[in-house]
Amino acid sequence: MGNVECCMGEEGGSATIERLENAVRRMDVKDVQFCIESGVNINAPVNRQGHTILDIFATEHQNLLKSCSSSRGRSQDATRMFCEAQAAAADVLGLLRRSGAVLSGQSP
C-alpha cells in the first residue's frame, strides 16, 4: 500500500495542527514530537487571531502553574505533582524551541 503509517500516531489519527495543539495543552511530549516529526508546521496560526503553538504553550503553562499553586491535599503530593508538571512542560518547551517555534506577538 502507501506510506500512510508515517503520518499516523501510535493511537492512530493523523498529525495535524489541531492534534499538536491538543498535545501541547496536555504537555504530551511524545505526541508533540510525533506531530513535529510528521511535518506539522509549528508556527502556523492555530486561530483567527494568529496565535501559534508556542502561544498556546505559554497560556497552558500559566494555567498549569495556577492549578498547581491552588492544589489541595498533602504538601508532598502537591510538590510531586508540581515537579512532574514542570518537567513535562520543560520537555515540551525544549522540543518546541529546538524545532523553531516562536511566539506570534499577538495579545491573548
Side-chain angles (χ1 to χ4, degrees):
M1 291 252 154
N3 294 336
V4 171
E5 298 81 21
C6 73
C7 295
M8 303 290 279
E10 291 178 12
E11 298 92 33
S14 58
T16 63
I17 193 73
E18 293 84 6
R19 181 173 179 166
L20 178 57
E21 179 181 351
N22 288 331
V24 167
R25 289 186 187 281
R26 293 186 322 272
M27 299 297 171
D28 181 342
V29 72
K30 288 182 181 180
D31 212 21
V32 170
Q33 184 169 7
F34 163 75
C35 290
I36 291 170
E37 289 176 353
S38 296
V40 174
N41 179 356
I42 59 172
N43 291 314
V46 296
N47 56 27
R48 289 190 320 249
Q49 293 79 24
H51 293 113
T52 65
I53 288 296
L54 197 55
D55 295 322
I56 300 300
F57 172 86
T59 299
E60 289 305 315
H61 190 247
Q62 249 183 344
N63 293 338
L64 183 69
L65 292 173
K66 286 178 188 174
S67 174
C68 286
S69 67
S70 65
S71 178
R72 304 268 186 243
R74 294 181 18 192
S75 60
Q76 295 89 344
D77 293 336
T79 301
R80 180 186 48 76
M81 288 176 43
F82 172 76
C83 291
E84 288 172 359
Q86 284 297 98
D91 289 345
V92 168
L93 178 59
L95 181 56
L96 291 173
R97 288 297 299 138
R98 286 190 302 277
S99 300
V102 295
L103 291 170
S104 67
Q106 305 296 320
S107 300

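Numbering starts at 1 and runs along the sequence shown. Nothing here was measured: the structure is a model prediction, and the numbers come from that model.
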Any idea which heavy atoms bring [X] and [Y] closest together, and the distance?
X: N43; Y: A101; result: OD1-CA, 3.4 Å
X: A15; Y: F34; result: CB-CE2, 3.7 Å
X: T16; Y: C35; result: O-SG, 4.2 Å
X: P45; Y: G50; result: CB-CA, 3.9 Å

- Polar side-chain atom of T52 near backbone of V102 as donor-acceptor pair, under 3.5 Å: yes
- Check: G94 main-chain N/O paired with R98 side-chain donor or acceptor under 3.5 Å: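 Yes; at least one donor-acceptor contact below 3.5 Å.
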Is the closest side-chain heavy-atom distance between [X] and [Y] below 4.5 Å?
X: I17; Y: N41; result: no
X: F57; Y: M27; result: yes
X: I42; Y: I36; result: yes
X: D28; Y: V92; result: no
X: V46; Y: I56; result: yes

Distance check, rounded to the nearest 0.5 Å: [X] atom [atom1] versus [Y] atom [atom2]?
X: E60; Y: I53; atom1: CD; atom2: CD1; answer: 10.5 Å
X: K66; Y: L64; atom1: NZ; atom2: CG; answer: 11.5 Å
X: L54; Y: H61; atom1: CG; atom2: NE2; answer: 11.5 Å
X: R80; Y: S75; atom1: CZ; atom2: OG; answer: 12.0 Å
X: L95; Y: D91; atom1: CG; atom2: CG; answer: 8.5 Å
X: R25; Y: L20; atom1: CZ; atom2: CG; answer: 11.0 Å

- Under 3.5 Å, is there a donor-acceptor pair linking the side chains of E21 and H51? no
- Message: We want to know whether D55 and S104 form a side-chain donor-acceptor pair, criterion being a heavy-atom distance below 3.5 angstrom.
- Response: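 The answer is yes; a qualifying pair exists.
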- For F82, the rest of its hydrophobic cluster, which grows through side-chain links under 4.5 angstrom: L65
